[in-house]
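To start, the structure itself, in structure tokens.
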Number of protein chains: 2
Amino acid sequence: MFVVRREGESRDEGTRRRRRPEEAERAILAAARSFLSEHPFREMKVESVMARTGLSRPAFYAYFKDRYELVTRLLEGIGGLLFAVDRRWLVGDPGMGREESAAVLRDALRGGAETFERYGSVLRAISDAASYDERVEEVYRFGLIERLTVAVAARIARDVEAGVSPPDLVPQETARALVFMTERYLIDAYGRPQGRRARDEILQTLERVWINTLYGGSC
Amino acid sequence: MFVVRREGESRDEGTRRRRRPEEAERAILAAARSFLSEHPFREMKVESVMARTGLSRPAFYAYFKDRYELVTRLLEGIGGLLFAVDRRWLVGDPGMGREESAAVLRDALRGGAETFERYGSVLRAISDAASYDERVEEVYRFGLIERLTVAVAARIARDVEAGVSPPDLVPQETARALVFMTERYLIDAYGRPQGRRARDEILQTLERVWINTLYGGSC
DNA sequence: GTGTCTATTGACGCAGTGTCAATAACGGAG
DNA sequence: CTCCGTTATTGACACTGCGTCAATAGACAC
């Protein structure tokens, strides 16, 4: 007799299935992503993630310390993306002048928005988890958001220095305000299963706030 | 013999203390405020709040359904303040022109910042709790933040109509972005026990973003 | 003093967590 | 094909914090 088994299919009663550790870990991460695309972080119990893997709840703890470590692992890679898409503007030379600076910034914002469009549910989960757990807060708020803020502040400082942006701008504070706005606004737009709003209006609005603040008149 | 008892002092072994329901409720609310001025919401257990009242943990449930109802009650009153201080700008007539609109907006932002300076720890707790509990999310995100957004959007729409703000502004989206920014930025600045930053820089930054976005050129 | 009302609490069951010793699937050696 | 060591997996346990309820005991009226 031959018994054909497909991936994830349960076996005859009373038998287990054994995977390579790396494979199980990836399965758990995938299960978490899948769960978060349907439910908010507050509903993510270890049990409900493991139900999507065919493994038991205790197996989870062989791979992750707790669900906070799990979401932290989901952030890996995504965080880097946010820097990557912004790099051209972040490290750019303000010598290019207002018009070109604004154009490059526009590209960076478009890239950021695309990242949120793709990974919105995970980013929303991390942002939520940051208020649940000190270590997630460390990684997200201080490791990612704050690092982005510092990079943006440095660029703003150079713009002020070059006379492209008005001199009464406080780079560190302005950067913080703009980064916070972008984070919250994009999570709101793309972080929920249901309500995805008009892409053009979202980008147009972000561009307007950033560009008028940095490259508008001193009014 | 006379025994002098001060408020909150424990009595002889084995005796209880009985208060008027209203008094007990106020004591619990005060204990929660006090706790939140020292610890983040994630550490607020029913037990640790009740420890500050001299009452037992189960007594809590005679007054509140759970800790989420507790923080919701803490928001009452504060939410109204945020509307009150912004009222002059929110209901104002854009016929006054850019300069005066900007001046009134500046006042509104100052008022909002003062509210956060005073109630920062509670507002931070509510904002955190909103990701823990659906009902808090309802009250805070949709009841307060969204209502503010709608009011701001209405004012922006009038500004656009009057030609005070540029015509390519999307009122609803712009309002959302600005309100989110202000909320997160002020919670960051005033919501933690430790780090209160320079008041002037904070206000100057908020003003700049709002005013350049709404009353700056169309750039 | 006696009785009534109700604020208060000890004790319970529950949900979800994190751990560990025992189990059994896999893979290599013979 | 069989044996055997490694280790992925899990049943069962203890623990934390929650929400409930019947029983207890202050306060006040008479």
Side-chain angles (χ1 to χ4, degrees), chain A residues 3 5 7-29 31-32 35 39-73 128-129 132-136, chain B residues 3 5 7-29 31-32 35 39-73 128-129 132-136:
Chain A
V3 179
R5 287 199 203 95
E7 176 75 4
E9 191 174 1
S10 68
R11 296 171 158 214
D12 317 73
E13 303 301 305
T15 63
R16 296 182 186 177
R17 165 131 177 278
R18 214 182 142 102
R19 321 181 197 201
R20 294 217 206 80
E22 194 203 52
E23 185 196 347
E25 191 173 307
R26 264 184 300 122
I28 295 173
L29 287 165
F35 182 92
H39 306 275
F41 177 76
R42 76 167 84 88
E43 288 168 16
M44 190 176 102
K45 314 291 171 208
V46 171
E47 173 68 50
S48 46
V49 170
M50 296 308 283
R52 297 179 179 225
T53 65
L55 284 171
S56 69
R57 191 178 61 78
F60 174 85
Y61 296 97
Y63 302 99
F64 303 94
K65 189 178 181 306
D66 50 32
R67 67 186 186 132
Y68 306 111
E69 191 186 300
L70 177 59
V71 289
T72 301
R73 290 287 307 282
D128 284 351
Y132 279 73
D133 185 82
E134 209 168 357
R135 292 161 306 153
V136 178
Chain B
V3 179
R5 288 198 201 95
E7 177 73 4
E9 191 173 0
S10 69
R11 297 174 159 212
D12 316 73
E13 303 300 305
T15 64
R16 295 182 186 178
R17 165 132 177 278
R18 215 181 142 100
R19 321 182 197 200
R20 293 219 205 79
E22 193 202 55
E23 186 197 347
E25 191 173 305
R26 265 185 299 123
I28 295 173
L29 287 165
F35 183 92
H39 306 276
F41 177 76
R42 76 167 82 90
E43 288 167 16
M44 189 177 101
K45 314 292 172 206
V46 172
E47 173 67 49
S48 45
V49 170
M50 295 308 283
R52 297 180 179 224
T53 65
L55 284 170
S56 69
R57 191 179 60 79
F60 175 85
Y61 296 96
Y63 302 99
F64 302 95
K65 191 179 180 304
D66 51 32
R67 66 185 189 135
Y68 306 112
E69 192 187 298
L70 177 59
V71 289
T72 301
R73 290 286 308 282
D128 285 351
Y132 280 72
D133 185 82
E134 209 169 355
R135 293 161 305 153
V136 179

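The chains referred to below are lettered A, B, ... by the order of the sequence lines, with proteins before strands, and numbering in each begins at 1.
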Polar pairs (N or O, both sides) under 3.5 Å between protein and nucleotides 22-24 of chain D?
{"from": "D:dT24", "atom 1": "O2", "to": "B:Arg16", "atom 2": "NH1", "distance (Å)": "3.0"}

Set out, line by line, the N/O atom pairs under 3.5 Å between protein and nucleotides 5-7 of chain D.
{"from": "D:dT7", "atom 1": "O4'", "to": "A:Arg18", "atom 2": "NH2", "distance (Å)": "3.3"}
{"from": "D:dT7", "atom 1": "O2", "to": "A:Arg18", "atom 2": "NH1", "distance (Å)": "3.0"}
{"from": "D:dT7", "atom 1": "O2", "to": "A:Arg18", "atom 2": "NH2", "distance (Å)": "3.3"}

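Between B:Asp66 and B:Arg135, some side-chain heavy-atom pair lies under the 4.5 Å cut-off.
The distance from atom CZ of B:Arg42 to atom C1' of D:dC18 is 20 Å, rounded to the nearest whole Å. For the pair B:Glu23 CD and C:dT6 P, the computed distance is 17 Å after rounding to whole Å. Following rounding to the nearest Å, B:Leu55 (CG) and C:dG10 (C1') show an atom-to-atom distance of 15 Å. Rounded to an integer number of Å, the gap from CZ of A:Phe64 to C1' of C:dT17 is 17 Å. Across the protein-nucleic acid pair, A:Glu47 atom CD and D:dT9 atom P stand 16 Å apart, rounded to whole Å. The interatomic distance linking B:Met50 (CE) with D:dG17 (P) rounds to 16 Å, in whole Å. If you measure from atom CE of B:Met44 to atom P of D:dG17, you get 14 Å, rounded to the nearest angstrom. In this structure, A:Arg67 places its CZ atom 10 Å from C1' of C:dT17, rounding to the nearest Å.
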Working for salt bridge (charged side-chain N to carboxylate O under 4.0 Å, His left out), residues A:Arg26 and A:Glu22: CA-CA 6 Å; A:Arg26 264 184 300 122; A:Glu22 194 203 52; 3.8 Å; yes
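For the pair B:Arg67 and B:Phe41, the cation-pi criterion (under 6.0 Å, within 45° of the ring axis) is fulfilled. By the 6.0 Å and 45° rule, A:Arg73 does not stack over the aromatic ring of A:Tyr63.
For C:dT9, neither phosphate oxygen OP1 nor OP2 lies less than 4.0 angstrom from any side-chain nitrogen or oxygen of B:Tyr61.
For the pair A:Arg57 and A:Tyr63, nearest-nucleotide mapping onto DNA chain D gives the more 5' position to A:Tyr63. Positionally, the nearest nucleotide of DNA chain C for B:Phe60 lies more toward the 5' end than for the other of A:Arg20 and B:Phe60.
Remark: B:Arg42 pairs with A:Glu137 by the side-chain hydrogen bond (donor to acceptor under 3.5 Å, both in side chains) rule, at least two apart or across chains.
Here the closest heavy-atom approach between residue A:Pro40 and residue A:Phe35 is recorded as O-CE2, 4.1 Å. Across A:Thr72 and A:Val136, no two heavy atoms sit closer than the pair OG1-CG2, 3.8 Å. Between A:Thr53 and A:Ala31, the shortest heavy-atom contact is CG2-CB, 3.6 Å. Between B:Ala32 and B:Val49 the shortest heavy-atom distance is N-CG1, 4.0 Å.
Candidate nucleotides D:dC21, C:dT8, D:dC18 were compared by shortest atom distance to the side chain of B:Pro58, and D:dC21 ranks first. Across D:dC18, C:dT17, C:dC20, the shortest atom-to-atom separation from the side chain of A:Lys45 is found for C:dT17. Comparing atom distances between the A:Asp66 side chain and each of D:dT9, C:dG18, D:dG17 picks out C:dG18 as nearest.
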